[in-house]
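Here is the structure we will look at, set down as structure tokens.
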Amino acid sequence: MRFQAPRGTHDVLPGDSFRWRFVEETFREVCRRFGYAEIRTPTFEDTQLFLRGIGEGSEIVVDKQMYSFNDPGGDSLTLRPEGTAPAVRAFLENSLHAQGPVTKVFYTGPIFRYERPQSGRLREHHQCGIELFGSIDPAADAEVIQLGVRYLRSLDIRGEEIHINSVGCPACRPAYLQVLRRYVKPHLSEMCGNCQRRYEANPLRILDCKVDVCRAATADAPPMHDSLCGECSDHLTGCREVLDLYGIECVLDDRLVRGLDYYTKTAFEFLHGGLGAQSAVLSGGRYDGLVEECGGSPTPGVGFGSGVERVLLAMEAEQSQPVAPEPITAFVITLGDAARKAGLKLLADLRAVGLAADTDYAGRSMKAQMKEANRCGARYAVIIGEDEVAHNAATVKDLATSEQASVRMESLVGSLVE
RNA sequence: GUGGGUGUAGCUCAGUUGGUUAGAGCGCCAGAUUGUGGCUCUGGAGGCCGAGGGUUCGAGCCCCUUCACUCACCCCA
């Protein structure tokens, strides 16, 4: 029996893991620059948190995409299908609001959704995300978007297109939903099953449907922004003004809605060509009702999530090269038992002073050991054979220049440190 | 959940209208003067041809079933 990784999961292999490190470290650095601190929350949470947080009407819940299970004690737990609700829970549970009016956190980690895998979509994927709690300033929305832009730029990704919209608030959205329903109703019978269900539960999503009949039916539907209340309308223009100030271009997209129920006002998506059908590389928005919904006092919030796997695809599409890991300094080559002992001791000494060093453990020939030294990119081959042992020295060969010299054992570590 | 595509060596792939011991490139291992890498040359190891069944004298190739991977719908990061 040979085991395989579960469907929709994947291994990050030694030859690729540096790409992941690069992406994550870049994200951390950009977050630090913007004043965000890392928050680490559990991989699973009380199932109710997600049912409440992302909304019973959301597709994640309706389509049963959550990895929920009962633990041996009988509690229903769920592998997190998104990052915001856990952050909100931790924010509340630990009273982070008490440290100041505005709290800025970032997170990174696995996300789980039971979906059919395809390019850019996995059952376990990884997201980098940020959340900004406590501000209704449109400049906060703009900062979140700006951070996303800086993040992608730092990875040498520049081909993204930013779509922005406002999905309104409890003051204006219900009225718009009625307008929309009234407009859609005559066409409803010929629309897809999903949309017929959405008509009652989540009419905004109808605008986002890709089925031709549905698209045609809503082609001239009244846009949300005509129905926005003054506050939401001002917020959107305020946000766009700041983005303009930052030189960030974005397109107003009437059709942009969110799959999760908690979003209010600003919604945005960073789209990237060359990812296949799953083109959103980063997306998010404002969720002014979520904290209260999760049992806290009314606290506005805005944030984004970004899929690491998709970011890596975008980097590949743009041929952006991550910084490669440093190769080792010395590869210790030994011939014979006495030399082996001296070599192992030297290896330990090199590592003890902080140098990266390695040796062969396959008992291979000198030639093969040299080959290995070359293959792993070592700067120096340190050769110890019978002659060297007899003279209490080692031969140090610079693999780039092919120059080699005999160095006495006692000064070897010092000479390699340089 | 619904479609399409693909499963042959560690990797990328060839395999003619079904015909004998299944191939290449890369990688790996070993050699090409004694204890010296990269380039080159030579040799070698490594395949229940995804699995199960069927048709046939004969199946990697045809048929059925099944599993996996993949892309798309859906949904989303």
Side-chain angles (χ1 to χ4, degrees), chain A residues 1-10 13 15 54 58-65 80-84 108-129 148 160 192-195 197-198 202 205 208-212 214 256-260 268-272 275-284 303-314 331 333-336 339 360 362 364-389 395-404:
Chain A
M1 171 87 191
R2 276 188 80 162
F3 292 103
Q4 278 180 293
R7 167 173 288 188
T9 68
H10 65 127
L13 300 174
I54 66 189
S58 75
E59 314 265 349
I60 289 180
V61 174
V62 171
D63 292 347
K64 302 201 187 343
Q65 291 181 356
R80 61 175 173 207
E82 59 102 33
T84 300
T108 168
I111 300 285
F112 304 86
R113 283 178 212 167
Y114 186 83
E115 297 182 276
R116 199 70 182 267
Q118 72 184 72
S119 183
R121 188 174 73 191
L122 295 153
R123 290 184 175 174
E124 179 187 21
H125 75 277
H126 300 77
Q127 279 187 25
C128 294
E160 84 284 354
C192 75
N194 266 334
C195 285
R197 179 175 56 71
R198 287 165 178 156
N202 196 359
R205 294 267 310 118
D208 197 34
C209 190
K210 278 110 195 158
V211 177
D212 286 343
C214 305
L256 177 58
V257 301
R258 304 278 58 196
L260 309 183
F268 59 85
E269 244 167 34
F270 289 26
L271 272 21
H272 195 281
L275 297 204
Q278 309 298 314
S279 57
V281 81
L282 185 153
S283 79
F304 73 67
S306 173
V308 175
E309 286 85 350
R310 290 188 186 175
V311 164
L312 286 164
L313 285 175
F331 191 88
I333 291 170
T334 65
L335 295 131
D360 172 66
R364 289 188 282 181
S365 69
M366 161 130 196
K367 188 188 182 71
Q369 291 184 65
M370 280 299 291
K371 235 174 143 116
E372 178 64 15
N374 187 61
R375 198 195 55 77
C376 73
R379 178 131 186 241
Y380 300 104
V382 179
I383 302 159
I384 305 175
E386 283 175 25
D387 294 353
E388 284 83 355
V389 172
T395 300
V396 176
K397 178 165 187 172
D398 184 318
L399 289 170
T401 65
S402 292
E403 286 167 15
Q404 64 181 52

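A quick note: this is a predicted structure, and the numbers were derived from the prediction, not measured.
To the nearest angstrom, P of B:rC28 lies 9 Å from CZ of A:R364. Put simply, CG on A:L13 is 12 Å from C1' on B:rC11, counting in whole angstrom units. If you measure from atom NE2 of A:H10 to atom C1' of B:rC69, you get 15 Å, rounded to the nearest angstrom. Atom CZ in A:F3 sits roughly 19 Å away from atom C1' in B:rC69 (whole-Å rounding). Per the geometry, CD belonging to A:Q118 stands 11 Å off P belonging to B:rU70, to the nearest Å. Between the CD atom of A:Q4 and the P atom of B:rC67 there is a distance of 13 Å, given to the nearest Å. One interatomic measurement links the two molecules: CZ of A:F270 to P of B:rA77, which rounds to 14 Å at whole-angstrom precision. As a whole-Å value, the separation of A:H125 NE2 from B:rC76 P is 12 Å.
In this structure, B:rC41 forms a base pair with B:rG31, meeting either the Watson-Crick or the G-U wobble geometry with both donor-acceptor distances under 3.5 Å. When both pairing distances are held under 3.5 Å, B:rG7 makes a Watson-Crick or G-U pair with B:rC67. The pairing partner recorded for B:rG1 is B:rC73, the criterion being a Watson-Crick or G-U wobble arrangement whose two distances lie under 3.5 angstrom. In this structure, B:rG60 forms no base pair with any nucleotide, since neither Watson-Crick nor G-U wobble geometry is met with both distances under 3.5 Å.
Between the side chain of A:E309 and the main chain of A:R121, no donor-acceptor pair closer than 3.5 Å is present. Here the side chain of A:E82 pairs a donor or acceptor atom with the backbone of A:T84 at under 3.5 angstrom.
Contacts of A:V311 with the nucleic acid, taken as non-hydrogen atoms under 4.0 Å apart, are absent. Within the 4.0 angstrom heavy-atom criterion, base atoms lie near A:G120. Residue A:R113 is in base contact, counting any heavy-atom pair closer than 4.0 Å across all strands shown. Residue A:L122 is classed as a base contact, given a heavy-atom separation below 4.0 Å to a base.
Going from the C1' atom of B:rC49 to that of B:rC13 covers 13 Å, rounded to whole Å. Distance check on atom P: B:rU66 versus B:rU12 gives 27 Å, rounded to whole Å. B:rU21 and B:rG60 are spaced 10 Å apart, taking the P atom of each and rounding to whole Å. To the nearest whole angstrom, the two C1' atoms, one in B:rU40 and one in B:rG50, are 39 Å apart. For the C1' atoms, the distance from B:rG10 to B:rC28 is 8 Å, rounded to whole Å. B:rA59 and B:rU16 have their P atoms separated by 16 Å, with the value rounded to a whole Å. Here the separation of B:rC62 from B:rG43, taken at their C1' atoms, is 39 Å to the nearest Å. Remark: the separation of the P atoms in B:rG23 and B:rA9 is 14 Å, to the nearest Å.
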Checklist outcome for this item: In B/S/- notation (B base, S sugar-phosphate only, - none; protein heavy atoms under 4.0 Å), nucleotides 34-47 of chain B written 5' to 3' is -BBBB---------
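Here A:R7 reaches the OP1 or OP2 of B:rC69: one of its side-chain N or O atoms lies under 4.0 Å away. Taking only side-chain nitrogens and oxygens, A:S119 comes nearer than 4.0 Å to OP1 or OP2 of B:rC71. Side-chain N/O atoms of A:Q278 include none lying less than 4.0 angstrom from OP1 or OP2 on B:rA77.
When each of A:R116 and A:A5 is assigned the nucleotide of RNA chain B with its nearest heavy atom, A:R116 is the one assigned upstream, toward the 5' end.
The shortest side-chain heavy-atom distance between A:Q65 and A:R123 does not fall under the 4.5 Å cut-off. Side-chain contact check for A:H125 versus A:V308: every heavy-atom pair is 4.5 Å or farther apart. You'll find the side chain of A:S279 stays beyond 4.5 Å of the side chain of A:R310, heavy atoms only. The side-chain heavy atoms of A:L313 and A:H272, taken from C-beta on, include no pair separated by under 4.5 Å. At least one side-chain heavy atom of A:F331 sits less than 4.5 Å from a side-chain heavy atom of A:D360. Side-chain atoms of A:R364 and A:K371, non-hydrogen and from C-beta on, never get closer than 4.5 Å to each other. The shortest side-chain heavy-atom distance between A:I383 and A:M370 falls under the 4.5 Å cut-off.
Evaluation of atom-type donor-acceptor distances gives no pair under 3.5 Å for the side chain of A:R121 against the base of B:rC71. In the interface, the side chain of A:R205 is not paired with the base of B:rC74 through any donor and acceptor atom under 3.5 Å apart.
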